[in-house]
Amino acid sequence: MRLTIATWNINSVRLRINLVARFVEEWAPDVICLQETKCRDSEFPLSSFHKLGYPHVAINGQKGYHGVAIASKLPLTGIDRRGFCEKGDARHLAATVTPDAARAPVRLHNFYVPAGGDEPDPLINPKFAHKLAFLDEMAAWMGAETLAASDAIVVGDLNIAPLEADVWSHKALLSVVSHTPIEVEKLGLVLASGPWVDAMRRYVPAEEKLYTWWSYRARDWALSNRGRRLDHVWVSESLAPRLGGMQVVAESRGWERPSDHAPVLVHLDF
DNA sequence: ATGTCGTGAAGGTCACGA
């Protein structure tokens with residue numbers, strides 16, 4: 001069978017539930033991982049997901065900020081939420097899907113890494129310090145738990161564009177939070193806590209521009225095309241041979257009242 | 001190129017985070 005997994009920073013799931021509907025009707029992912037749902041669990045539009053064909057939904061929300069969710073056509077087991085940096089933020093959600101009863105299950109981790117504020121100096125910007133600490137804790141925990149030792153996937157808005165071709169201008173963004181060397185280094189340590197494989201870059205060469213986010217502030221996001229690849233899909237090395245394709249659904253950025261992030265889809269063939 | 005969004009608590013707009 002083919003398992004299609006999507007990840008999308010939706011920037012308010014309640015405001016954009018109709019965009020979620022349009023996306024899943026056109027792309028029919030088996031599992032959709034959302035970030036920035038921005039609502040309490042009691043406010044989550046659960047019945048909308050049920051009507052869209054996703055009877056299994058795991059949520060980790062909070063009032064107004066952050067929040068992650070996993071909606072699935074297949075049963076979700078082992079639902080778990082980890083807190084990072086003792087902040088009480090809803091930034092992680094894990095669940096297991098079993099695409100093929102004859103195979104080992106796949107563990108899925110959905111992350112929303114802190115954005116980090118504007119000033120790229122942890123000594124004067126507590127939000128940037130939090131982002132760096134979050135990455136350190138992520139690497140330590142993922143390594144200690146050996147998450148990549150069995151079939152596993154990490155998705156989410158990691159809020160870092162690590163490669164030069166992950167941003168519209170490497171030079172211009174070297175001191176812009178999301179592309180600073182210290183963040184890129186720490187994200188590299190998270191990746192190396194695996195072995196994890198950057199699934200998106202299996203399909204687009206490292207030298208080729210690839211974006212998942214375009215600022216709301218551009219007059220014309222498509223014309224200026226000053227994007228960044230902030231959203232990621234990593235698979236354990238054991239799953240890499242199962243990779244069967246990847247798309248960034250950039251057209252969604254042009255939909256009415258869009259999220260500033262586009263969904264990323266990855267296909268796995270079992 | 002400091003511009004545009006979403007939320008919440010007010011209170012008919014602003015602060016904050018992104």
A/Leu19 CG to B/dC5 C1', straight-line distance once rounded to whole Å: 14 Å

The side chain of A/Arg219 is closest to which nucleotide in this list: B/dA1, B/dG6, B/dG8? B/dA1

Decide side chain to side chain donor-acceptor pair (under 3.5 Å) for A/Ser178 and A/Arg228; before the verdict, give the C-alpha distance in whole Å, the side-chain angles of both, and the deciding distance to 0.1 Å. CA-CA 9 Å; A/Ser178 72; A/Arg228 306 177 200 171; 3.1 Å; yes

Under 4.0 Å between any heavy atoms, over every strand shown, what does A/Ser224 touch: base, sugar-phosphate, or nothing? Just pick one. base

Check the distance between B/dC5's P and A/Trp255's CH2 and give it to me in whole angstrom. 18 Å

Under the 6.0 Å and 45° cation-pi test, does A/Arg82 pair with A/Phe84? yes

Please work out whether the ring planes of A/Phe111 and A/His109 are parallel, tilted or perpendicular, with thresholds of 30° and 60°. parallel

Between A/Arg14 and B/dG8, is there a contact of a side-chain N or O with OP1 or OP2 at under 4.0 Å? yes

What is the nucleic acid contact for A/Arg257, judged by heavy atoms within less than 4.0 Å: base, sugar-phosphate only, or nothing? sugar-phosphate

Give the C-alpha distance, both sets of side-chain angles, the deciding distance and a yes or no for salt bridge (charged side-chain N to carboxylate O under 4.0 Å, His left out) between A/Arg22 and A/Glu25. CA-CA 5 Å; A/Arg22 180 171 177 182; A/Glu25 282 160 12; over 6 Å; no

Sticking with atom C1', work out how far B/dA1 lies from B/dG12, rounded to a whole angstrom. 32 Å

Centroid-centroid under 6.0 Å between A/His179 and A/Trp168 rings: no

Across the strands shown, which category fits A/Arg16 at heavy-atom distances under 4.0 angstrom: base, sugar-phosphate, nothing? sugar-phosphate

In whole angstrom, give the distance that lies between atom CH2 of A/Trp221 and atom P of B/dC5. 14 Å

Using the C1' atom as the point on both nucleotides, what is the distance between B/dA15 and B/dA10, in whole Å? 11 Å

Any carboxylate oxygen within less than 4.0 angstrom of a Lys/Arg side-chain nitrogen, looking at A/Asp100 and A/Arg2? no

Contact list (N/O, under 3.5 angstrom) for nucleotides 11-18 of chain B vs protein:
| from | atom 1 | to | atom 2 | distance (Å) |
| --- | --- | --- | --- | --- |
| B/dG17 | OP2 | A/Lys127 | NZ | 3.4 |
| B/dA18 | N6 | A/Arg217 | NH2 | 2.6 |
| B/dA18 | N1 | A/Arg217 | NH2 | 3.3 |

Start at the 5' end of DNA chain B and walk down; is the nucleotide closest to A/Glu43 or to A/Arg226 reached first? A/Arg226

